[in-house]
K.L.:
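Let me begin by handing over the structure; questions about it come next.
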Amino acid sequence: MSWMSGFSIAELGHYALVLALALSLIQSTVPLWGASARDNRLMRVGTVSTLIGFLYVTFAFGALTVAYINSDFSVANVWENSHSAKPLLFKISGVWGNHEGSMMLWVLILSLFGALVAAFGGNLPVTLKARVLAVQGWVATAFLLFILTTSNPFLRLTPAPGEGRDLNPILQDVGLAIHPPLLYLGYVGFSIVFSFAAAALIEGRVDAAWARWVRPWTLMAWIFLTLGIAMGSYWAYYELGWGGWWFWDPVENASFMPWLAGTALLHSAIVMEKRGALKIWTILLAILTFSLSLLGTFLVRSGVLTSVHAFATDPTRGVFILAILVLFIGGSLALFAWRAPELKQGGLFAPISREGALLYNNLFLVAATATVFAGTLYPLVLEALTKDKISVGAPFYNITFAPLMVPLLLAVPFGPMLAWKRGDLAAAAQRLLFAMVLAVVALVATLIIEGVQHPLAPLGIGLGIWLIAGAANEIIDRSGIGRMPLKTSWARFTGMPRTAFATALAHAGLGVTVIGIVATTTYQTETIVSVKPGESLETGGYTLTYQDSVPHTENNYREELYRFVVSRDGEALLAIAPAKRFYSTRQMSTTEAAIKTFWFSQLYVSIGDQHDDGSLTVRAYYKPLVTFIWLGAVLMAIGGTVSLSDRRFRIGVAKPARAKRLQEAKA
Amino acid sequence: MLLWLAITIFTVIAVLAVVLPLLREGKPVDSRENHDAAVYRRQLDELERDREAGRIGPEEAEAARAEIGRRLIAADRREAARVAAAGGGFRRAATAAVALVGIPLIGLGLYLAQGSPGLPDEPLQARLGNAPDGKNISLLVGQVEDHLARNPDDTRGWEVLAPVYSRLGRPGDAARAYRNVIRLGGSTPARQTALGEALVMASGGIVTDEAREAFEASAESGAELDSDTAKARFYLALAMEQEGDSKGATTALHALLDDAPADAAWRPAIEETVARIERAEKDTAAALFAKPKKPALGPLRENAPSAQADAGPPPAATPTRGPSQEEMNAAGAMAPEDRMAMIEGMVDNLADRLEKKPDDADGWLQLVRSYAVLGRREDAAEAARTALASISDKEKRREIAQLAQDLRLPGMEEMTQ
Amino acid sequence: MTRKQRRLSLIAGAGLVLASALGLVAYALNDQIVFFYAPSELAEKNIAPGSRIRLGGLVAEGSVKREKDGEVFFSITDTAQVVPVMYRGILPDLFREGQGVVAEGRMEPDGSFHADSVLAKHDENYMPREVADSLKSQGLWKHNQETATQ
């Protein structure tokens, strides 16, 4: 083995990362040159260098992961963020649980999307593909430079320290293992859409075909982002121990803004694809969506905000990302201003029409994005200008974001009911009678059961039912169930394009989330009391009896489990054990809430201080229908997946075209 | 070597990724308009389906068809294939040249600026060296602790855990565990001796009052003289010595030897200690070694019978690069002269190694200690001076100076800051 | 409607929605934001009782008193001024004496502060940004902590 001595996977990973930068420089330039000269070979250089560059980034990421798994503390980044006693899963998730590693993940996903276009973009016009890869190469170059110059994870220590400095215990959780990759797949995924937009502007041509190529990428990114946000929300809910699921925290907003803009883009791309209208607007949205992703990266990674998510603290990094942000947003908007006027306008439509409805959707989504943008950035700007420190929280969004959502949600079921080009609102309303009746019934039922002390809540529940029933109504109406013989309607049902089901699923999911949000915020019960062993407390109809506390030791922490028996109407149902953990390496403790799900509602118990006399402060919530919040998001993501599986996306456009030309050539 | 080979291969692949596509003419450039036309035809099909399903009014469908038709015609008209601009040879040559020069230049330039090509990986496994299961042991200990936290009255659990703590270098925990064993399972000479030993280890080699009580409980239990009670009496004698009563200590040890069976395995160790104390009485300077501050010294612990009875892995604090545990065990089974020879040999090896690689602070610390233990005080002082001259780490220098001062090495007293 | 009229009506509709969004934002920024103060700023500015603010500083040593019913009394200080705080609920895991904290709530007429939420730093690298800044401006920020808060 002596010939292996001195070999280092980490060093080779470092070198692979540098090579990836060199290749991304090639990728940023050569295919552009090739496209303008229509030189096939040069354009192919773009494809190959993108693929090899992706391999090198993957190798670098893998090398870092190996260092984490082996607890190789000669790598400074591993030493700072890992510990040999950590379970394997958290050693691996620790790779992206810190600034350097998370930027590596960012770049990995960026180059993954580039590689997907390079590998599967065979049905794209070659010049468009070459330009898309080049723009993707610019982004990759910027971020690889950022990593190598300010956030290099491969710096070494000698001699290697004996033990690592652990990972923040709050972040030592399965949620962290999954949440950032999903989120990044989402908002870095929008980079492809951005590249398509910039490439189209360079090419000077945007048309229906363009929208058809862009839509699957938008959908893919949007699905991941939806899941990522839902996952992050659930993670904060159970890990932070105070039962909140959305805080309007700038870090959450950072991922929510691209989601709102991405949702708008998804809808406007439909209009562009089917009717050739809204071209310029769709291009602008594509640029804005990724710009908001970049803004999110800046907010989270620059240390401009300091919160749970923001672990970065080095100001030079902030300035670097800000430069990237200005360069890309400014550059793309300048390109837009220069080229957009040359784009030809598409099909006409009346204000009341499917196109009009989708535009209405875009209008409200963009306005809502703007309010979140203002709420997120205003405190930073104000502080920079006046030194006044303010915080913008839920009250702000309740009177800005919420009022914009109501007209949008009310209109959602109408959209799919309207015909293209010119629709009939009255006819659509008539067809939505079933959904309207259900929504009113739900409203009245909520009023009767829960009373009038929260007058807005029944309206919210009614709105949620309106969305769900409206989605079902659309499917029923299109298949003709109830109006036609069963056989006919079944044939129509199975013959419907998948996108119809996708729309219905996603809209129903939105309704489910709305119901979850309204029910939890208005009807949850909260109890804070102090109990001694044997004493009980009550919340949401459940009785919790405190039994005793038992210690428990894991490899890297000790915890005290506080055991409760949950009963209802005198009948013991189950035992729960919220806990307090103590992580010895970081000398810090965390609260582990105990969460039990009853149907769709949850009992949420967390522990406060233990007093000298053995009594214990307990905070218990009953959160009705709280799981709807995340189930709805999952439904939306399923809807997106169904739409992505629609056969239209899979048909290669180039092949039939070539076959036809060959025929012509023969003839 | 291997790293540079890999770096070369990686670089070559990267350059080829650029150069190879330049060498081969692939499929001809598809015209953009072909794609567009195909998309528009599909749009027409879909429009027809929408019209049939009533998703669009008949008039509007007609208008839409006209819109799409116009675009289709426009696309067809533009289909005249554009030819690649001339000058392909120059473009390819330029690209290839940039790749050939630029990729290795950027690659090596940026890498060498920040990388450390000479440093090998140091995974934890490798650094743990001869204790590959160290992590698993701590996991197992965690499980037993967990079990005991819930069943604090499980004698057997404490009994299993106690010696493991000792071997892991956690004598304080070991003492606590032995106390629990005694509380729950009753006092036996073996348990009391083990408790006493743990307490001695915890206090850094000093026989504290608490430890003395435990040894007394063992020695005065009236049990037959065996290795446990003998060990207890041995420690009690050491306690006397520590209090300056060397005479009492040797008397007690002689009494112990009188009582001991002629074939007892621990006889030589006691005889040696007697000899040492008697020597030390003559040479007060050497009395220092009777009061070892750090029991972590491998060879020193060989003097105590405990190390002979115990054949476990070294405590975690023991430097891993000195004599290994196997060697120590072997040393324990040897005749005293052979053992000394073996230890001296190992120490000389260490000295040789440090001469070649003088930046090993822990190695120096061990060497100084070893010389001191072997009574080679001049050598120890010399080693400490060399170490201070060749170690740059401030913290380590302080540690070495401290050790030299603790050992009162000749010529080193003024080293304190 | 002609093509031009249609476009105008669309633009007018869009303008209306965006204008109302802007209006809401402007109104909310006047009314719904919460200012942050350090104890000494609080003393200077004479904040009216009942207005919602955030108060940040260090938890004064020895000031924490926990009552049985979940009520907690403690003081927030920036070492120049001290403000007594009443809070009912569960304190964050990292709430400790001598550590940074931000409390949100209202001033009582008697000069004490009634908090309805308390945030502590989430790990040893995190100090609520406002607290770090205000302590820094007072020259109290220890150098070794500074790197962690920029």
Side-chain angles (χ1 to χ4, degrees), chain A residues 3-12 14-16 18-19 21-23 26 30 33 37-42 44-45 48-49 52 70-72 74 84-85 125-127 148 152 155-156 158 160 207-209 212 275-276 347 419-422 550-555 653-654 656-658 661, chain B residues 1-3 6-7 10-11 13-14 17-18 21-22 25-26 29-30 32 34-40 43 50 55-57 60 63-64 67 71 82 84-85 88 91-92 95 99 102-103 106-107 110-111 114-125 127 135 138-139 142 145-146 149-150:
Chain A
W3 60 279
M4 286 238 357
S5 68
F7 178 69
S8 164
I9 267 274
E11 289 301 315
L12 195 55
H14 188 173
Y15 187 66
V18 175
L19 277 184
L21 172 66
L23 282 172
I26 299 275
V30 175
W33 195 14
R38 296 185 78 76
D39 186 327
N40 204 19
R41 297 187 190 192
L42 256 57
R44 234 187 17 244
V45 168
V48 180
S49 60
I52 302 293
N70 288 339
S71 296
D72 185 346
S74 71
S84 67
V126 276
T127 51
L148 284 167
N152 195 329
L155 300 181
R156 305 289 296 277
T158 181
D207 45 39
R212 176 150 292 187
R275 289 295 161 263
W420 291 102
K421 284 180 100 61
R422 187 191 300 140
V550 288
H552 173 86
T553 312
E554 281 292 329
N555 221 0
V653 195
R658 227 183 353 259
R661 204 180 44 197
Chain B
M1 225 26 248
L2 190 64
L3 179 69
I7 284 180
F10 272 39
T11 316
I13 294 175
V18 182
L22 291 173
E25 186 62 57
V29 178
D30 257 321
R32 171 74 196 258
N34 260 333
H35 296 270
D36 292 357
V39 170
Y40 295 135
Q43 269 185 343
D50 276 350
R55 319 284 314 153
I56 183 166
E60 284 77 17
E67 279 169 12
R71 283 183 223 133
R82 281 182 251 165
R91 283 193 300 271
R92 285 158 210 174
T95 307
I103 290 179
I106 291 179
L110 267 177
Y111 173 68
Q114 287 194 299
S116 321
L119 280 188
D121 281 338
E122 292 193 59
L124 191 69
Q125 295 281 326
R127 277 183 286 122
K135 205 175 61 176
S138 66
L139 187 66
E145 280 173 341
D146 182 21
R150 273 179 281 123

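Convention: sequence-line order gives letters A, B, ...; per-chain numbering from 1.
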K.L.:
Can you measure from CZ (R41(A)) to CZ (R91(B)) and round to the nearest 0.5 angstrom?
P.N.:
10.5 Å
K.L.:
List the atom of R275(A), the atom of Q43(B), and the distance in Å for their closest heavy-atom pair.
P.N.:
N-NE2, 4.5 Å
K.L.:
Could you state the interatomic distance from NE2 (H14(A)) to CD1 (I7(B)), rounded to the nearest 0.5 Å?
P.N.:
10.0 Å
K.L.:
Quick one: does R156(A)'s side chain have a donor or acceptor within less than 3.5 Å of a partner on P120(B)'s backbone?
P.N.:
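Confirmed, R156(A) side chain pairs with P120(B) backbone.
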K.L.:
Quick check for you: to the nearest 0.5 Å, what is the distance between L21(A) atom CG and Y111(B) atom OH?
P.N.:
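L21(A) CG to Y111(B) OH: 15.5 Å, rounded to 0.5 Å.
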K.L.:
Minimum heavy-atom separation for A419(A) and G57(B), please, with both atom names.
P.N.:
CB-N, 4.5 Å
K.L.:
Mind listing the closest non-hydrogen atom pair of L23(A) and I103(B) along with its distance?
P.N.:
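Answer, listing the atom of L23(A) first, then I103(B): CD2-CD1, 4.1 Å.
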K.L.:
Grab the two heavy atoms, one from A22(A) and one from I106(B), that are nearest each other, plus how far apart they are.
P.N.:
CB-CG2, 4.1 Å
K.L.:
Does any non-hydrogen side-chain atom of I26(A) lie less than 4.5 Å from one of T95(B)?
P.N.:
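In short, these two side chains do not touch, never coming nearer than 4.5 Å.
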K.L.:
Measure from the side-chain N and O atoms of E11(A) to the backbone N and O of S116(B), and report whether any donor-acceptor pair falls under 3.5 Å.
P.N.:
yes
K.L.:
Got a donor-acceptor contact below 3.5 angstrom from the D121(B) side chain to the I9(A) backbone?
P.N.:
yes
K.L.:
For E122(B), run the side-chain contact (heavy atoms from CB on, under 4.5 Å) check against S74(A), S71(A), S8(A) and tell me which one passes.
P.N.:
S74(A)
K.L.:
Would the number of heavy atoms belonging to other residues, nucleotides or ligands and lying under 6.0 Å from CZ of R422(A) be above 12?
P.N.:
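Open: at most 12 neighbouring heavy atoms sit under 6.0 Å from CZ of R422(A).
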K.L.:
Side chains of L3(B) and Y15(A), heavy atoms from C-beta outward: is any pair under 4.5 Å?
P.N.:
no
K.L.:
If I measure from the heavy atoms of chain B, does L12(A) come under 4.5 Å with its side chain, its backbone, both, or neither?
P.N.:
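Both backbone and side chain of L12(A) come within 4.5 Å of chain B.
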K.L.:
Give the minimum heavy-atom separation between P21(B) and V48(A), together with the two atoms involved.
P.N.:
CG-CG2, 3.6 Å
